[in-house]
Amino acid sequence: MHDEALLRTLREKPEHGVPLLTKQYAPLVASVIRGTLAGSSCPSSDVEDCTADTLSEFYLHLDRYDPAKSSVKTYLCLIARHRALDRLRRRGLTEVLPEDGGIELADGADLEDTVTAAETRQEVFRAVRALGQPDTEIIMRKYYLGQPSREIAAAMHMSVSRVDTRAHRAVARLREMLGTAGAEESKGRK
C-alpha cells in the first residue's frame, strides 16, 4: 500500500489503518530495533515492545509526520532507532552505540557515496565512544537523538549550563580527533 493511501486510512478509519501499518512496517521496524540493540544484553521482548511503541507513536502523533520531508518507511526507522536507543539508555547500556548509522541504499543512490558515508559515520561513532562518559551520552542525546539541553540535564542530573559546556568541549575534542577543526574555521571565514 502506498504511503498516501495508508495515511488516509489511518486518519479516516484507524481500525483498518493500524493493522495495515503493522502488517506493512512491523518487520522493518523490528529489524531496525534488533540492529540497534545488537550486542547488548536486552531481552528479545524489548524488540517487540519497541516495535509496538514505534508504531503507536507514529499513529498517535500522525500530525508530526511531514510526507514532504521523508517517506513513512524512513520516518518509522528513525522513530525505531530512537526508541531502541532510549531502551539501551534506560538499561544503563549507553556505551553500546550503533556500529553504523543504519545506512540503507535508496533507489538510484550511488554505492560509492553510500559506502563513504557509512565509513565516515563509523569513524564518527568510534570518536564519540572514545570521549568517555558523560560526554558520549551528552553528544548522543544532543546530536543523535536531538534532545534539548534541559531534557539532557534533567535525565543526567546536571545543570543545563554544565551540559552545554560539556557538549561544546566534546565537539571541540571531536573536531580535533577527526581532524576537522581547520576545515570548520575556514568555512566560518567565508
(Q) Less than 4.5 Å apart, side chain to side chain, heavy atoms only: is that true for Val29 and Arg83? (A) no

Q) What distance separates Leu85 CG from Glu137 CD, expressed to the nearest 0.5 Å? A) 11.0 Å

**Q.** Atom pair CG (Leu10) and NE2 (His16), whose distance is rounded to the nearest 0.5 Å
**A.** 12.0 Å

Q | Between CZ on residue Arg87 and CG on residue Asp49, distance to nearest 0.5 Å | A | 5.0 Å

(Q) By the salt bridge (charged side-chain N to carboxylate O under 4.0 Å, His left out) test, which pairs, at least two apart or in different chains, include something from residues 9-24? (A) none

Q. Given Lys69 and Tyr75, is the side chain to side chain contact (heavy atoms under 4.5 Å, CB included) satisfied, shown in steps?
A. CA-CA 9 Å; Lys69 291 184 179 178; Tyr75 194 74; over 6 Å; no

Q) With a 4.5 Å limit on heavy-atom distance, are the side chains of Val128 and Tyr143 in contact? A) no

Q) Taking all atoms of both residues into account, what is the closest heavy-atom pair of Leu6 and Gly17, and its distance? A) CD1-O, 3.9 Å

**Q.** Lys142 vs Asp164 side-chain heavy atoms within contact, under 4.5 Å
**A.** yes

Q) Linking Ile, Leu, Val, Met, Phe, Trp and Tyr through side-chain heavy atoms less than 4.5 Å apart, which residues share a cluster with Met156? A) Ile138, Ile152, Met158, Val163

Q) Do the side chains of Leu60 and Leu78 join up, straight or via other hydrophobic residues, at under 4.5 Å, putting them in one cluster? A) no

(Q) Donor-acceptor check, side chain of Thr51 to backbone of Val47, threshold 3.5 angstrom: yes or no? (A) yes

Q. Atom CG in Leu21, atom CZ in Phe58: separation rounded to 0.5 Å?
A. 6.0 Å

Q: Could you tell me whether a side-chain N or O of Tyr65 sits under 3.5 Å from a main-chain N or O of Val72, the two making a donor and an acceptor?
A: yes

**Q.** Considering all heavy atoms, the nearest Ser149-Val160 contact
**A.** CB-CG1, 3.9 Å

Q. Just how far is it from atom NZ of Lys73 to atom CD of Gln24, taken to the nearest 0.5 Å?
A. 10.5 Å

Q) Who are the side chain to side chain donor-acceptor pair (under 3.5 Å) partners of Ser159, not counting sequence neighbours? A) Ser161

Q) Does Tyr25 belong to the same Ile/Leu/Val/Met/Phe/Trp/Tyr cluster as Leu7, with side-chain heavy atoms less than 4.5 Å apart forming each link? A) yes

Q) Just how far is it from atom CG of Leu178 to atom CD of Glu176, taken to the nearest 0.5 Å? A) 10.5 Å

Q: Output all residues satisfying salt bridge (charged side-chain N to carboxylate O under 4.0 Å, His left out) with Asp135, sequence neighbours left out; order by chain, then residue number.
A: Arg166, Arg173

Q.
If you apply the rule side chain to side chain contact (heavy atoms under 4.5 Å, CB included), what do you find for Thr136 with Gln133, and how did you get there?
A. CA-CA 5 Å; Thr136 296; Gln133 291 299 339; 3.8 Å; yes

Q: Tell me, please, which residues at least two apart from Glu48 pass salt bridge (charged side-chain N to carboxylate O under 4.0 Å, His left out).
A: none

Q. With sequence neighbours left out, what residues match Asp63 under side-chain contact (heavy atoms from CB on, under 4.5 Å)?
A. His61

Q: Report the C-alpha separation of Leu76 and Leu55 in whole Å, then their side-chain angles, then the decisive distance to 0.1 Å, and conclude whether the side chain to side chain contact (heavy atoms under 4.5 Å, CB included) test is met.
A: CA-CA 7 Å; Leu76 284 168; Leu55 297 172; 4.1 Å; yes

